[in-house]
Amino acid sequence: MWSAIYDAMDFLWGIPLMILVIGTGIYMSIKCGFFQLAHIKTWWKLSAGELFSKKDDDDHEGQLSPIQALSAVLAGTLGSGNIAGVAAAIAIGGPGSVFWMWLIAIFGMATKMAEVALSVQYRVKGENGEYYGGPMYYMKKGLGEKGKTLAGIYAFAMLILVLTDACFVQPNTLATTAQDVFNVPLLVSGLVLVGLSLAVVLSGGVNKIGAFCEKLVPPMIILYIVGTLLVIIKNAGNIPSAFGMIFEYAFKPAPAIGGFAGSTITLAMARGASRGIFSNEAGEGTAAAVHATAKTDHPVHQSMYGIFEVFLDTLVICTLTSLAILTSGVWSNGNTGAILTFDAFRSSWGELGIIVLGIAVILFTYSSYLGFYVEFRTSIAYLFGEKAEKYLKWIFFIMPILAVTMEIEKIWDMADMAVGFIVIPNLIALFMLAPKFGELVKDYRKKINM
């Protein structure tokens, strides 16, 4: 059975999908005038620059403040993909996979910008007063009759991906980390994770998730950045060689070294691309479902947060993880996943590093699981109606208890395959709606006198 999954994954993440992913990013970049590169100061000011402002968004349509929406999205994207996923990419695809991760991120900024702008533009307000948006809505409303089938396919693929990522990858990584570092039984971790998340959801739904993530995400990010920087600084002499390996093995096969079995260029590309998209979700469209709930004065304004999200997630957090692993020299020791990142921290911090990283992993994976509930409820509402959430939400809270005891390699294979399935209908829709995206960008540039 698993050999068939491996074959399917190799097909999904082969050269054709790489061309589609990067090609879409380039095309979206052209439609927005390479906004992510040409106007760094603008998108930084309209996203990161507003993080600590006290501007009032109550006069704008929406449900969450832009900062709460960003926090909920980051809670969903900053998870095991940044710690275990990046390490697995290097362990299997070699240092060159980091280069392809960067490339996906640079063009993925424009892809995410388009996803968010279109999701806000075509969002709907439900009978319950909550906002719903995302690729299935811009497919259905933006493409008319021909988009309905595509929207149905996407909504089903989104449900599968959310369940795979949120209910399997994140809980499993959290539980195994808690067991290895703090000797907490796997099942106990699963029950605590579900209990805490259920309390948040039942006490206030999407609004409560946004408020909770707004408080949890910033200190979580700071803790991890400080931890990885200390590892990198201690091994600062190896930084030039780390970058050298990244660029060298992006374009030639990486030889077998120590416990590393070696890799091909195609494997480096595939692992870098899959982990990059899995981490920052550019191309998946899933995070756009959360951005669609934001209070904003213009769809493109909220998309500035989408650009910042990819920048922080991949070009900062994933890069720091990569450099910690490469500069510490543990990348070729034969381990993979979160264990490899733990090896990097242990080599520089000793046992204290294990505790610090353990806390960071638990916070990342818990917030990721909780943040994904917004996307889960969006796909459920589209497929089965708003009232179905009341009954089907229990799927979201039962599956993690089963996932904590599964083998992590099989879970990551499932996640990679789920990503491959969801990006295809979304990227097709983005190509078809690119003219509309271009119009929105042009309109917003007039609005802010660019």
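Position 1 is the first residue of the sequence, and the numbers go up from there.
- In this structure a side-chain-to-backbone donor-acceptor pair under 3.5 Å is present from K234 to S348.
- For E130 and R377, the salt-bridge test passes: some basic side-chain N is under 4.0 Å from an acidic carboxylate O.
- Residue L326 comes nearest to M245 through the heavy atom pair CD2-CE, 4.2 Å, listed as atom of the first residue, atom of the second, then distance.
- Residue L352 holds its CG atom at 11.0 Å from CG of L357, rounded to the nearest 0.5 Å.
- Here CZ of F372 is found 10.5 Å from OG of S367. Values are rounded to the nearest 0.5 Å.
- M304 is not listed as a side-chain neighbour of W44, based on a closest heavy-atom distance of 4.5 Å or more.
- The heavy-atom pair separating A429 from M139 by the smallest distance is CB-CG, 3.6 Å.
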Problem - Worked check of side chain to side chain contact (heavy atoms under 4.5 Å, CB included) between I307 and S47 - result: CA-CA 9 Å; I307 298 175; S47 57; over 6 Å; no

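- The backbone N or O of A117 lies less than 3.5 Å from no partner atom in the side chain of Q302, so there is not a single donor-acceptor pair.
- Here I448 contributes atom CD1 and D297 contributes atom CG; the two are 9.5 Å apart, rounded to the nearest 0.5 Å.
- Contact check for F156 versus Y382: no side-chain heavy atoms found under the 4.5 Å cut-off.
- Contact annotation: the side chain of L118 approaches that of L430 to within less than 4.5 Å [non-hydrogen atoms, C-beta and beyond].
- For the 3.5 Å distance criterion, the side chains of E309 and H291 qualify, holding a donor opposite an acceptor.
- Side-chain contact check for V356 versus V226: every heavy-atom pair is 4.5 Å or farther apart.
- Y224 and T321 share a donor-acceptor pair across their side chains, judged by distance under 3.5 Å alone.
- Counting only N and O atoms by type, the side chains of S328 and D343 include no donor and acceptor under 3.5 Å apart.
- Ring-centre distance between F342 and F345: not below the 6.0 Å cut-off.
- Aromatic ring orientation, Y444 versus H298: tilted (interplanar angle from 30° to 60°).
- The two atoms that bring A110 and Q36 nearest to each other are CB-NE2, 3.8 Å, heavy atoms only.
- Here the OG1 atom belonging to T177 is positioned 11.0 Å from the CG atom belonging to L363, to the nearest 0.5 angstrom.
- Of the possible polar contacts, one joining the N238 side chain to the T327 backbone as a donor-acceptor pair under 3.5 Å is found.
- Counting only N and O atoms by type, the side chains of E50 and Y305 include a donor and acceptor under 3.5 Å apart.
- Two residues are said to be in side-chain contact when any heavy atoms from C-beta on lie closer than 4.5 Å; N172 and V404 fail this criterion.
- Put simply, the side chain of M113 reaches to within 4.5 Å of the side chain of V441, judged on heavy atoms.
- How far CG of L383 is from CE of M136: 6.5 Å, rounded to the nearest 0.5 Å.
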Practice task
Kindly indicate, with the supporting measurements, whether the criterion side chain to side chain contact (heavy atoms under 4.5 Å, CB included) is fulfilled by I359 and F182.
Solution key: CA-CA 10 Å; I359 294 172; F182 303 107; 4.0 Å; yes

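- For the pair R123 and Y138, the cation-pi criterion (under 6.0 Å, within 45° of the ring axis) is not fulfilled.
- The two residues E375 and A287 have their closest heavy-atom pair at OE2-CA, 3.7 Å.
- Panel note: side chain N333, backbone V330; a donor-acceptor pair is recorded below 3.5 Å.
- The environment of K393 atom NZ is dense: over 12 non-hydrogen atoms of other residues, nucleotides or ligands sit within 6.0 angstrom.
- Taking the centre of each ring, F35 and W43 stay at or above the 6.0 Å mark.
- Residues Q179 and S189 bring no donor and acceptor atom of their side chains to less than 3.5 Å of each other.
- Interatomic distance, CG of L161 versus OH of Y154, reported as 7.5 Å (0.5 Å rounding).
- You'll find the side chain of T24 stays beyond 4.5 Å of the side chain of N426, heavy atoms only.
- Taking the side chain as every heavy atom from C-beta outward, S368 and F364 never approach each other to under 4.5 Å.
- The six-membered or imidazole ring of Y369 lies near that of F396, with a centre-to-centre distance under 6.0 Å.
- No hydrogens or angles considered: a donor-acceptor pair under 3.5 Å links the side chains of E389 and Y373.
- Residues W102 and T314 have side chains that never bring a donor and an acceptor to within less than 3.5 angstrom of each other.
- Atom CZ of F397 sits in a crowded spot, with more than 12 heavy atoms from other residues, nucleotides or ligands closer than 6.0 Å.
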